[in-house]
Amino acid sequence: MTPVDAREANADHCAREYRQALGRVPTGVAFVSARSPDGEAAGLLINSFTSVSLAPPMVLWCLGLSSRSRPVFAAASTYAVSVLSEDQRSLLSDLCRPLEKRLLGVSIRDGLGGAPIIEAAAAVFECSILTVSRAGDHEVFLGQVERFERREGPPLAYLAGQYGRVHVAA
Ligand SMILES: Cc1cc2nc3c(=O)[nH]c(=O)nc-3n(C[C@H](O)[C@H](O)[C@H](O)COP(=O)(O)O)c2cc1C
């Protein structure tokens, strides 16, 4: 295995290799959402959600600078993360629709600050936004967890562009 210099001049080759290396990292999949003070809701599918601190409970996720959801997150003071369960795989095509139609027909309820929460999610984290920091082509949303819940049953897994089931070895 030859290491690739991440600052390599051949940017296309490097970017492809970099994405493939990141594809070795299994994650879950979540829908993160917010509502602006004027009542507009937005949300998107993410796999960048991660825990930061246990005490106090803090989490983060990253938002691409080109996301059409950005103005709503910029105006909001809270966000909600709905971690998808394995049996919510059929929701993926809905949650990837254009922003205006993304939540049509999806069972949701309003969480902290009115952020839409997906019913029957594997876990939900309702957060107040602590900081938003620019990091390259993304913004990092650090949040303090105010409320959380979880359900029995496995979460949906994501690896190398594919969705699947977590198999825990005995
Ligand atoms: C599995 C998966 C994971 C994603 N993770 C992120 C993420 O962590 N951050 C992000 O900004 N976009 C992520 N996206 C892309 C967003 O879901 C969305 O399509 C993109 O940000 C465009 O958003 P917009 O429709 O709000 O403009 C991911 C998409 C998929 C399918």
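Whatever order the structure lists ligands and atoms in, that order sets their numbers, starting from 1.
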**Prompt:** Has ligand 1 got any nitrogen or oxygen that is less than 3.5 angstrom from a nitrogen or oxygen of Gly64?
**Reply:** yes

Give me the residue, atom name and distance of the protein heavy atom closest to [atom].
atom                    : answer
atom 13 (C) of ligand 1 : Leu45 O, 3.4 Å
atom 21 (O) of ligand 1 : Leu44 CD1, 3.4 Å
atom 31 (C) of ligand 1 : Tyr163 OH, 3.4 Å
atom 8 (O) of ligand 1  : Ser48 OG, 2.6 Å
atom 23 (O) of ligand 1 : Ser67 OG, 3.5 Å

**Item:** Crowding at CZ, Arg150 (>12 non-hydrogen neighbours, <6.0 Å)
**Value:** no

**Request:** May I ask you to check whether over 12 heavy atoms, not counting those of Glu100, lie within 6.0 Å of atom CD?
**Result:** yes

**Request:** Can you spot which of Phe31, Tyr79, Phe49 makes a ring-ring contact (aromatic ring centres under 6.0 Å, His included) with Trp61?
**Result:** Tyr79

**Asked** Distance below 4.0 Å between atom 26 (O) of ligand 1 and any protein heavy atom?
**Response** yes

**Asked** Any protein heavy atom lying closer than 4.0 Å to atom 3 (C) of ligand 1?
**Response** yes

Heavy atom under 4.0 Å from ligand 1: found in [X]'s side chain, backbone, both, or neither?
X      : answer
Arg102 : side chain
Phe141 : neither
Tyr158 : side chain

**Request:** Would you mind listing which atoms of ligand 1 come within a distance below 4.0 Å of any non-hydrogen atom of Ser69?
**Result:** 26 (O)

**Prompt:** Considering only heavy atoms of Cys62, which atoms of ligand 1 have at least one such atom less than 4.0 Å away?
**Reply:** 7 (C), 8 (O), 9 (N), 10 (C), 11 (O)

**Request:** Please confirm whether the backbone N or O of Gly113 pairs with a side-chain atom of Arg35, one donor and one acceptor, at under 3.5 Å?
**Result:** no

**Asked** Any donor-acceptor pair under 3.5 Å linking the side chain of Ser53 with the backbone of Pro57?
**Response** no

**Prompt:** Do Gln144 and Ser128 have side-chain atoms, one donor and one acceptor, less than 3.5 Å apart?
**Reply:** no

**Prompt:** What is the ring orientation for Tyr163 with Tyr158, classed by angle as parallel under 30°, tilted 30 to 60°, or perpendicular over 60°?
**Reply:** tilted

**Item:** Salt bridge Glu149-Arg109, side-chain N to carboxylate O under 4.0 Å
**Value:** yes

**Request:** State, with a plain yes or no, whether a side-chain heavy atom of Leu99 is found less than 4.5 Å away from one of Leu44.
**Result:** no

